Asks: 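Pasting in a structure now, in structure tokens, and then I'll have a few things to ask.
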Amino acid sequence: MKNMDLNNLLSQMTIDEKIGQLVQFVRAFYSDDKNGEITGPLNELNITEDVIWNSGSVLGSDNAEDMIEIQKRYLEKNRLKIPLLFMADVIHGFRTVFPIPLAIGCTWDMELAKKSAEIAAKEAALSGTNVTFSPMVDLVRDPRWGRVIETTGEDPYLNGLFATAFVQGYQGNMTDEYNIAACVKHFAGYGASEAGREYNTVDMSERNLRENYLPSYKAAVDAGVELVMTSFNTVNGIPSTGNSYLMRDILRKEWGFKGIVISDWAAVQELIPHGVAKDGKEAAKKAIEAGVDIEMMTSNYVNNLRELIEKEKIKMELLDEAALRILELKNKLGLFENPYRTANAQKAEEAYLCKEHREIAREVAYKSFVLLKNNNILPFSKEKNVAIIGPFAKNNRILGPWSVQGKEEEAVNFLEGIQNKIGREKVVTVEGGGINCEDKSNFAEAIEAAQKADVVILALGEDQDMSGEAGSRAYITLPGVQEELAKEIFKIGKPTAVVLFNGRPLEMTSWYKEAPAILEAWFPGSETGNALADVLFGDVNPSGRLTMSIPYTVGQIPVYYNCYNTGRPKNEGTEGNRFLSQYIDIPNEPLYHFGYGLSYTEYSYGDIDLNKTVMKYNEKITAKIKVKNIGKMAGIETVQLYIRDITASTVRPIKELKGFKKIYLEPNEEKQVTFEIGEDMLKFYNSECNYLSEKGKFEIMIGHDCKNVKGAEFELI
Ligand code: BGC
């Protein structure tokens, strides 16, 4: 902790200066040009330039020279010389871009996730960023929602582990010059927007909220995250940004959060269209009373808080405590001693995409790919002639929609990566008909190239703008004429691997059967081509596992592994019975389930060996299982532990992930994997929302994914 006497500072501040700390606008507001950029936005928000020189933080400046210049000018104008905080969206890397978070989720590798955040923090800190609006930890079950790209998936336990890893990576212990503050978002339940439509309503039981949606935010808070961002949606009738139950009761009282709460972009203002505030004054009152410290990008606080306080509509203490929290973060970051902190343009240039950062980006990428299907055609031999066909053959739009600072031209595209691996002369590309258009004019060329090649790679997908914020889609199939292109190519009968670039699970039901191999690549970032070549040509054995179900078709959504059994489950042996919880036209199961992912080798599992089958409350059970690599290539296996509470006072999911271990196995090597199961792992929220375990029988499942498991039972007494 740095030495500034903050209470003393606060006592010297005028009410307007305190309110200023709660205000955040984008970088354009700090522009020099009095007749240009700055006046437009100022007029629009009905604020004067004084507000800018009193504001507490700025959004979106992300290079060192810019930051230093803004800070310098600001400090010349700010009476008490309180430095600005610089915040930005550094979501999955800065200039070195890692795969999208949904892909990082598929690595199931917390050390690597943490390392990616550390690298992002270093590059960001050197560029003058103090706070990142990451991690986004919203649990997701609906791939129509474009923002599934930003999260690590559908499992509360796994999302919590990733939340912790990202926060630790960004923040370290908040004392190193390369640490930046993290902001977990979007609190709360944003991922449950009805029908996957962006910014839509969220309505769910308290039990569901606590059991599935809140744990990842809580994990970030427990890891010491400095900021929390509210979400745009309502939760059970109250918009999050005016929801004191969420922010005061749960976040601050129950979880003990001491940091800053920031609204999402214009979310205070949106209390008006939501229909819970009649004007800006009421919106400001509701937001600050509910616990929002910083209003992002609208001016309701700055235009109304003074009057609300003077007329005693809200208490001065509310303003004081919010302003103090912001000063505390500035102090913690050492901005009072050095307002430019780590910003250094030259060092930043040296760090961006340096060898070490690229190597890690490549490792994260190849570990995030999920091999969905392989009819023994992969890996390809490096001797073969390859045709890469499709809109991603040499496309550099592979960083993902939330890569704000990344530069497309700095990414290694697919073609370049394959050329690096097998040489230029053995590769041809034909781009097919584009991503989202009806043009089939070069199908003939594509077919000819496929006919001439030894092996074919179909590089297909969604444009990166088809996911991300405001990227909801109702049809989540491959856009344009890509499915048609794929079918034409499959007909030729060459060994063909489909490589998918996309920000969400796609529906592939109409073509997956004909595809000899499918590799889910997501948006892999700076090292896309190199990482793909590593896997496709067998230098790396794929090990990624899905953390979000790939639906059979949109009609099943939401489809997720940890669902309830229902009173009329469809099981083995119930075929022919109409009156079951099922569809009459499609399976209940997703096409590819949670935890799934193939490799170039195979693993066999022994039976589960429990050290006892009866467990008392203060005891632990040990479950052991032998896993053997029975194939010809070394690989990394992710051994997954699921538990089911067979009978309880409320219904329980048919399985819940409770642990996993990643093990490296040489061909023929066998390892014993051990899990310890304690009573705390059996807890859940009962109908009164008490978190507890109940006596009775439990099923343990250990295996390769949520479906392929070995089972055993024990009893809690
Ligand atoms: C997004 C946030 C983001 C913020 C600032 C909003 O539109 O919902 O995730 O951090 O903008 O850029």
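Owing to the predicted nature of the structure, the values given are computational and were not obtained by experimental measurement. Start at 1 and go down the list; that is how both ligands and their atoms are numbered. Values below: all heavy atoms of this structure, side chains included; hydrogens, waters and symmetry mates excluded.
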Asks: Could you list all the ring pair (Phe, Tyr, Trp, His ring centres under 6.0 Å) pairs where at least one residue sits in residues 235-262, not counting sequence neighbours?
Replies: Phe187-Trp255
Asks: Would you call Glu150 and Leu102 a side-chain contact if the rule is heavy atoms closer than 4.5 Å?
Replies: no
Asks: Would you mind writing out the side-chain donor-acceptor pairs for residues 260-274 within the sub-3.5 Å range, not counting sequence neighbours?
Replies:
from   : atom 1 : to     : atom 2 : distance (Å)
Ser263 : OG     : Met296 : N      : 2.9
Gln269 : OE1    : Asn300 : ND2    : 2.9
His274 : NE2    : Phe232 : O      : 2.9

Asks: For Asp138, is there any backbone N or O sitting under 3.5 Å from a side-chain donor or acceptor partner on Thr151?
Replies: yes
Asks: Taking only residues two or more places apart in sequence, or in another chain, which ones meet Asn502 in a side-chain contact (heavy atoms from CB on, under 4.5 Å)?
Replies: Glu462, Leu500, Leu506, Glu520, Trp522
Asks: Is it true that Glu527 and Arg358 make a salt bridge, defined as a side-chain N closer than 4.0 Å to a carboxylate O?
Replies: yes
Asks: Could you name the protein residues that come within less than 4.0 Å of ligand 1, counting only heavy atoms, and order them by chain and residue number?
Replies: Asp89, Phe133, Arg147, Lys185, His186, Met229, Phe232, Asp264, Trp265, Met296, Trp402, Glu469
